[in-house]
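For reference, the structure discussed in these notes is given below.
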There are 2 protein chains.
Amino acid sequence: MIDQPIQYNAEAKLRLHFRGVMRVYISDLKDHVGKTVSLQGWVYNHRSSGKIKFLLMRDGTGICQCVYFRGECSDEAFTDFEKLTQETCVKVTGMVRAEPRSPGGYELSARELEINAGSVDYPISPKKHGTDFLMNQRHLWLRSKRQHAVMRVRAEVVKAIRDFFDGRGFTLTDAPIFTPSACEGTSTLFETKYFDEKAYLSQSGQLYMEATAAALGKVYCFGPTFRAEKSKTRRHLIEFWMVEPEVAFNDLYDNMELAEQFVEFVVQRVIVKREEELKTLERNVEGLKKVKAPFPRVHYREAVAMILKENPAFIDGNDFGGPDETIVSSKFEQPVFVHHFPSAIKAFYMKEDPKEPGYSMSCDLLAPEGYGEIIGGGQREDSYETLVRKIEEHKLNIKDFEWYLDLRKFGTFQHAGFGLGVERTVGWICGTQHVRETIPFPRLYGRNYP
Amino acid sequence: MIDQPIQYNAEAKLRLHFRGVMRVYISDLKDHVGKTVSLQGWVYNHRSSGKIKFLLMRDGTGICQCVYFRGECSDEAFTDFEKLTQETCVKVTGMVRAEPRSPGGYELSARELEINAGSVDYPISPKKHGTDFLMNQRHLWLRSKRQHAVMRVRAEVVKAIRDFFDGRGFTLTDAPIFTPSACEGTSTLFETKYFDEKAYLSQSGQLYMEATAAALGKVYCFGPTFRAEKSKTRRHLIEFWMVEPEVAFNDLYDNMELAEQFVEFVVQRVIVKREEELKTLERNVEGLKKVKAPFPRVHYREAVAMILKENPAFIDGNDFGGPDETIVSSKFEQPVFVHHFPSAIKAFYMKEDPKEPGYSMSCDLLAPEGYGEIIGGGQREDSYETLVRKIEEHKLNIKDFEWYLDLRKFGTFQHAGFGLGVERTVGWICGTQHVRETIPFPRLYGRNYP
C-alpha cells in the first residue's frame, strides 16, 4: 500500500475534462484506444494536404499525430488549423487509434481544435542553429526532442544512483554548500559574503562524508558542486552534480569494487529503461552493454608507460590531460581504473601507500570512447600526525580543519570513497560531445544565462 | 535483474575477513545466528562487573551488545577491555545469539577484541550539553543515537519525495544554483563574483521549472536553496533543501490536490519505514497517521477571521507570522491549506484571481501541531502583459526576466506548482523543536561551521 500509492494521474483525470471529454497525457494513449479524449500541449509540427491536415503535438510526455479529415472533424477546426504555428498551445479532441506509423504508436482521429495561446516567430526552427544561439535559448531549446531524450536519461541516471546506494544500506547525508574552507585547492573557489564572515561554495562534500561515515557507516551525498575553472573544454562545467559515497572500514580495493558495481548498475539500468531515448539520440549501445564488473585496473606507472608510447612529451609524475586519458582508455572496452597516482598530484587527504612511498591509494575511473574521468576517489589518510603534516605541506590553514582532524582523534578508522560526476556520466551514456547538453541550465565560464 | 542488482554487501563480505572470520554489519546479525563473525565499529558504552564485561558497540548500521565472559573469551581481550573509552575504534569477534533484551535483538558472545584506534577525552558525554557546544561538535554529535534517527528519517523523506514524483511521470530537471537575478525579493540574496559578472545563489528553482514544464509537462527540481535571512527562529535555515514540482495545465485546485496526495504519501511512507527511528525520537505518531488527503482548505479571509479572534492586533491583508499560522493550524487535525492570499504580499509571478481582484491563486500548507508552513505555491501568471506590469510594479529589472517572459510569448499555458521545504517537513515528522537538527550540517545566521 505504502509502495503502491494512489495513482495521481488516474484520480486527477476524473476532474480533467474538456467539453465533457477526459483529458489524458500522450504517454497514456495506449489505455484509451477507441475512446474520445482530449490532449493539451503544443504544436510540434503541422502540414496540410487538401482534405487532410496533420498536426504533430507534444505535451511533454510524448508526441502524437492528430489527423484532421475534412468532413470528419468540425469545420471550425479545419479552418482554425491554418492559424497554427510552431509552439502554439492547443487542446485537441478526437478518437484514439493504434497506428504503428505514428510516433509513439497511436494517433488521434481529431474532431476539434481549440487554440489556447499563439506563438509568433518562435526562434528555434528545424534548421541548424549555432551553439551560442541555442544556449541563449536554452529555456526553449529544452522543448526539442533531442533535449527531452537527454533530460530523461539524466533523470534516470540520478534515480539509478540513488537506488543503488539506498538499496545497499547507505544513508543519504547531504553536505553543506557553504563551507568555511577549501578542500580541493584554493584557485577554483567561489567566495561569498556570509553575513560578517566569508564563505566558500562547496567543491566537494567529501570531508563532511568522512564525518558522517564515522556516524552512520555507509553514507553518500548528492548535490551540486562548484569549481571556478576558467577552462572552456567539453568536459567542464562551473556547476555540476556529484554523488560521493564514503564507507567506513573500506580500503582502496573495496572502493574500486564498490565503484565498478555501481557504474555497472547505473549503465545497465539506464540502457534498459531509456532505450527509446537512446535511440532518439542515435546512441550505439553495444559498448554500454559490455559495461560489467570487474573493470580492468592499471597502476599509474603502467598507464604512464602506455601514454609515453603515443605521447613522448608526457612527464612521468604529472597528472593526465584529456588526450592522455584517451590513450589509456582506448586500450580497453570497459571503463578502466588507474590507481596509485603520485601523492604529489593528489589532494592532502589521500593516503600514501605505506608499501609504495610517493604513491597514493587513489583511483580514477576512465570511461571508454574518450569520455574521460568520471570517478575520482581513494582511501583517506587516517593518521592524525600524517594529516597535520600534509595540511601544512599544502599550505592550508590548520584552523579550518580542526573538526576534520577530530575524526582522526576520536577512534580513527580506515575508510575510502569516491565522487562520480553526473554530467560526464550522462554525456558518456548519451554519447554527447559536450557536457553542456547534459544539465538543464548549464553554467560555463562566461555563461550564467538563462 | 536490473531492479534486483548484485548485493554489494553479500559480495564484499566474502573478502572482508578478520582472522579468517566473516565481517558483518550489525544490521545483518539476524542472518548469522549461531555463527562466529567479526564486527568493526566504535565503543558506544561499556561496563565491567567482575567476571563479565559488556561492550555496546556501534557501526553506523546499529548498536550491538558484546558480552565478554572470563574463561569464554581470550585473556587478552579481557585485559584490553579496560583500555576502552567512548569512541575507541574496535574489532570484535564472537558468536551471534538472539537476545531479546539486547538493542536490535541480537548480541555477541565475544571471544576477541582488537583495539584499532584510541579516543582520548571524547567531548560529548551522556550528560547534557548546551546547544552551541553541540553545534560546534556537529561532526561528532552526529554519532549519537538521536541524531542517527533524525538523519535516517531525513533520508527516508528525501527518498519518498523522489519516489512520489518519479512514479507519476514527472521528470527531474534540476535548476541552477547560480542565477543572474533574484526571484523571491532582493533583500535575502547571496551574491558572488562569477568571473567578470555577478551571480546570485538560487532562492528557488521555480522560474526554471516553469520553463521545463513547458518542455516536459510534469517536472520537479530538488536541491539546496539559499536565503540570507538574519532571523534566528526555530524554523529558518540559511541553506535548506526544497523540492519544487511544476505541472503544465494544472490550476490552483489541481495544485492543492497534488500537494495533499504528495504530503500524505511522504508521511505515511516514512512512519511505516522509519517506525524504529520515530520510537527512538519518542515521537507520538498518532497525529501523523491521520494525515490523509483531502486536507481542509480555508480562504485567506476565513483564516484572518480565525486569527483576529485570538490575535486582535493582526492586520487584514498582512502575511501570517508564526503564531498566526499556529492559530489557524490548531483548528485542524490535518495539515490545512490557506489559499487566496492578497496579491500584494505574494511574489510577482503569482496569478491574480480574475474572479477575486486583489487576491492571488496561491496556497500555503500549514502543518499541524504548530510546525508552520511547509508548502508554498499556486497558479502562475500566464499573461505576458500582466507579467510585464507585475515585474515593473515590483521594481525588478525586466532585462533579467526576458527568458522567463518568452514562456508567455510562445504558447503560454496555464500551470501551477509548489515548493516543499525538506527540513521543516523532517522537523514536523520527527517532532523536533528546531530545524537545526534536521540537516547534517546546518547553516544558520552566524553559523558556518563545521
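All chains are named by letter (A, B, ...) in the order of the sequence lines, taking the proteins before the strands, and each is independently numbered beginning at 1. This structure is a prediction, so every number in the text was calculated from the model and none was measured.
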Working for side chain to side chain contact (heavy atoms under 4.5 Å, CB included), residues B/F195 and A/N448: CA-CA 10 Å; B/F195 307 103; A/N448 184 28; over 6 Å; no
Side chain / backbone / both / neither for [X] at chain B, heavy atoms under 4.5 Å:
X      : answer
A/P176 : both
A/E260 : neither
A/E191 : backbone
A/A175 : backbone
A/A293 : neither
A/L201 : side chain
A/V219 : neither
A/W241 : side chain
A/K145 : neither
A/T212 : side chain
A/D174 : both

Nearest-0.5 Å distance that lies between atom [atom1] in [X] and atom [atom2] in [Y]:
X      : Y      : atom1 : atom2 : result
A/M151 : B/L172 : CE    : CG    : 10.0 Å
B/R152 : A/L216 : CZ    : CG    : 5.0 Å
A/K409 : B/D121 : NZ    : CG    : 9.5 Å
B/F178 : A/F226 : CZ    : CZ    : 5.5 Å

Please report the shortest heavy-atom distance between A/V120 and B/F410, naming the atom on each side.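 Scanning both residues completely, I find the closest heavy atoms to be O-CE2, 3.1 Å.
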Show the nearest heavy-atom pair for residues B/W403 and A/P450, with the distance to one decimal.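 Minimum heavy-atom contact is CG-CB, 3.5 Å.
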For the side chain of [X] and the backbone of [Y], is there at least one donor-acceptor N/O pair under 3.5 Å apart?
X      : Y      : result
B/E239 : A/I177 : yes
A/R58  : B/A215 : yes
B/H139 : A/Y404 : no

Count the heavy-atom pairs under 4.5 Å between each of B/G41, B/S27, B/G223 and chain A, then report the option with the highest count.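 Option with the top pair count is B/G41.
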Taking every non-hydrogen pair under 4.5 Å, which of B/W141, B/Y122, B/F190, B/Y194 racks up the most with chain A?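 Max contact count across the listed options: B/Y194.
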Is [X] in contact with chain A via its backbone, its side chain, both, or neither, using a 4.5 Å heavy-atom distance?
X      : answer
B/V43  : neither
B/L140 : side chain
B/Q137 : side chain

Test: salt bridge (charged side-chain N to carboxylate O under 4.0 Å, His left out). Region: residues 441-450 of chain B. Which pairs qualify, not counting sequence neighbours?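 Passing the test, one end in residues 441-450 of chain B: B/D132-B/R447.
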Heavy-atom distance under 4.5 Å between the side chains of B/F441 and A/T179, does that happen here?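 They are not in side-chain contact.
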When you compare the side chain of A/D163 with that of B/K159, does any pair of heavy atoms fall below 4.5 Å?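 Yes; the side chains approach each other to less than 4.5 Å.
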Before we go on, tell me: are the rings of A/F413 and B/W42 under 6.0 Å apart, centre to centre?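 So the answer is yes for these two rings.
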Residue list, side chain to side chain donor-acceptor pair (under 3.5 Å) with B/Y44, at least two apart or on another chain: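 With neighbours one apart ignored, the set is empty.
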Test log, rule side chain to side chain contact (heavy atoms under 4.5 Å, CB included), inputs A/Y449 and B/E402: CA-CA 10 Å; A/Y449 181 91; B/E402 266 178 12; 3.8 Å; yes
